[in-house]
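Written below as structure tokens is the structure these notes are about.
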There are 2 protein chains.
Amino acid sequence: MGESPNISLSELQIALMRVLWARGETSTAEVASIMAQDRGLAHTTVATLLTRLEKRGVVAQRRDGRQLLYRALVEESAVRRSMVADLIGSLFSGDANALVAHLVEESEIAPDDLARIRHRLAQGDGDER
Amino acid sequence: MGESPNISLSELQIALMRVLWARGETSTAEVASIMAQDRGLAHTTVATLLTRLEKRGVVAQRRDGRQLLYRALVEESAVRRSMVADLIGSLFSGDANALVAHLVEESEIAPDDLARIRHRLAQGDGDER
DNA sequence: AGCGATCTACTACAGTCGTAGTACGACAGC
DNA sequence: GCTGTCGTACTACGACTGTAGTAGATCGCT
């Protein structure tokens, strides 16, 4: 079964998805107005992007009157999983720890945060929100 | 001055770079034979890839007789920095800690590793600022 | 000197991406 | 009912990628 071995999206595509992830089923117009606001994209551009994502199977499209409503078919976590794995595979020789080490070395996170994260995960464990 | 705000490379390009990073100045033939071995690429393909990287300014080319020798102009750490930052920016809303949390949640690293990494970095400390 | 092996340079081509215009159908207001 | 508006569908186009073939220069060997 299973889909989604390799869901890699561009920055822009992720921005689109982010809207769908946040609002669930969303009309082209709505997505377009957000993207227009955020980065001045023409709404035909957004429509094009969305149909492409649909053709790719990462979103589903449903018609409502003459509008199209889009809904994400992949979850954000799946995309994260896939893209992070790709990055680790290509840039860190598959070693996730090396990525964390890199983050600390580049001061993207403070060493203390590691402890904090660890605690948070250790106790709050049954996450799911 | 300054170069390198955004050095984003594809998986394949990284594979090429990896060779250059590992061996320093390397002839097309050498890179090509490695890539042929690793993923069956024709060596004209590799040559094309290398010239493209050169045009992009990420590697430098030097002629030795009729051969071309290539050398990386960007360091692996710079690419890591840039690509990891991009990923965090687009997929984790700029929150590096969220990336680490993701790694632990997806069991890409064990919680204990965080402590281990922290220790390693704490003592070997090369913190810069 | 000629021939084959090498190597680079140039060209090709399909696929994706970012970006958007144009064409056309439908709906709402006058 | 006609007209402007809104929305989708189709087309476009240049850049970049992955992939490689062909042409042409060269070098070494017999």
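Throughout, a chain's letter reflects where its sequence line sits, starting with A, and its residues are numbered from 1. The structure displayed is predicted, hence computed values, not measured ones.
Annotation: side-chain contact (heavy atoms from CB on, under 4.5 Å) contacts of A36(B) (sequence neighbours excluded): none. Here E106(A) pairs with R81(B) under the salt bridge (charged side-chain N to carboxylate O under 4.0 Å, His left out) rule; sequence neighbours left out. Take R118(A) and apply the salt bridge (charged side-chain N to carboxylate O under 4.0 Å, His left out) test, not counting sequence neighbours, and it matches no residue. Every residue meeting the side-chain hydrogen bond (donor to acceptor under 3.5 Å, both in side chains) condition with S10(A), not counting sequence neighbours, appears here in chain and number order: Q13(A). Judged as a salt bridge (charged side-chain N to carboxylate O under 4.0 Å, His left out), and not counting sequence neighbours, the contacts of E30(B) are R23(B).
The stretch residues 40-52 of chain B touches DNA chain D through L41(B), A42(B), T44(B), T45(B), T48(B), L49(B), R52(B), each having a heavy atom within less than 4.0 Å of the strand. Of the residues in residues 12-28 of chain A, those lying under 4.0 Å from DNA chain D by heavy-atom distance are T28(A).
Looking at heavy-atom distances under 4.0 Å, R39(A) makes no contact with the nucleic acid at all.
In this structure, the CZ atom of R63(B) is 11 Å from the P atom of dC27(D), given to the nearest Å.
With salt bridges taken as basic N to acidic carboxylate O contacts below 4.0 Å, none links R80(B) and E75(B).
Within the structure, salt bridge (Lys or Arg N to Asp or Glu O under 4.0 Å) contacts touching residues 38-51 of chain B (residues at least two apart or in different chains) are E11(B)-R39(B). Here side-chain hydrogen bond (donor to acceptor under 3.5 Å, both in side chains) pairs that include residues 61-71 of chain A, with residues two or more places apart or in two chains, are E25(A)-R62(A), Q61(A)-Y70(A).
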Taking only distance into account, with no hydrogens and no angle test, what donor-acceptor pairs under 3.5 Å do side-chain atoms of residues 50-57 of chain A form with protein atoms, sequence neighbours excluded?
residue: T51(A); atom: OG1; partner: A47(A); partner atom: O; Å: 3.0
residue: T51(A); atom: OG1; partner: T48(A); partner atom: O; Å: 2.7

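Checked options V31(B), L73(B), V59(B); the residue passing with M17(B) is V59(B) (criterion: side chain to side chain contact (heavy atoms under 4.5 Å, CB included)). Evaluated for a side chain to side chain contact (heavy atoms under 4.5 Å, CB included) with T28(B), the options L68(B), L69(B), T44(B) yield exactly one hit, L68(B).
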What pairs of nitrogen or oxygen atoms, one from the protein and one from nucleotides 28-30 of chain D, lie under 3.5 Å apart?
none

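Contacts between chain B and DNA chain C, taken as any atom within less than 4.0 angstrom of a protein heavy atom, begin and end at dC7(C) to dA12(C).
Residues V100(B) and F92(B) form no side-chain contact, since every pair of their non-hydrogen atoms from C-beta on lies 4.5 Å or further apart.
Between the NE2 atom in H119(A) and the CG atom in L114(A) there is a gap of 11.5 Å [rounded to 0.5 Å].
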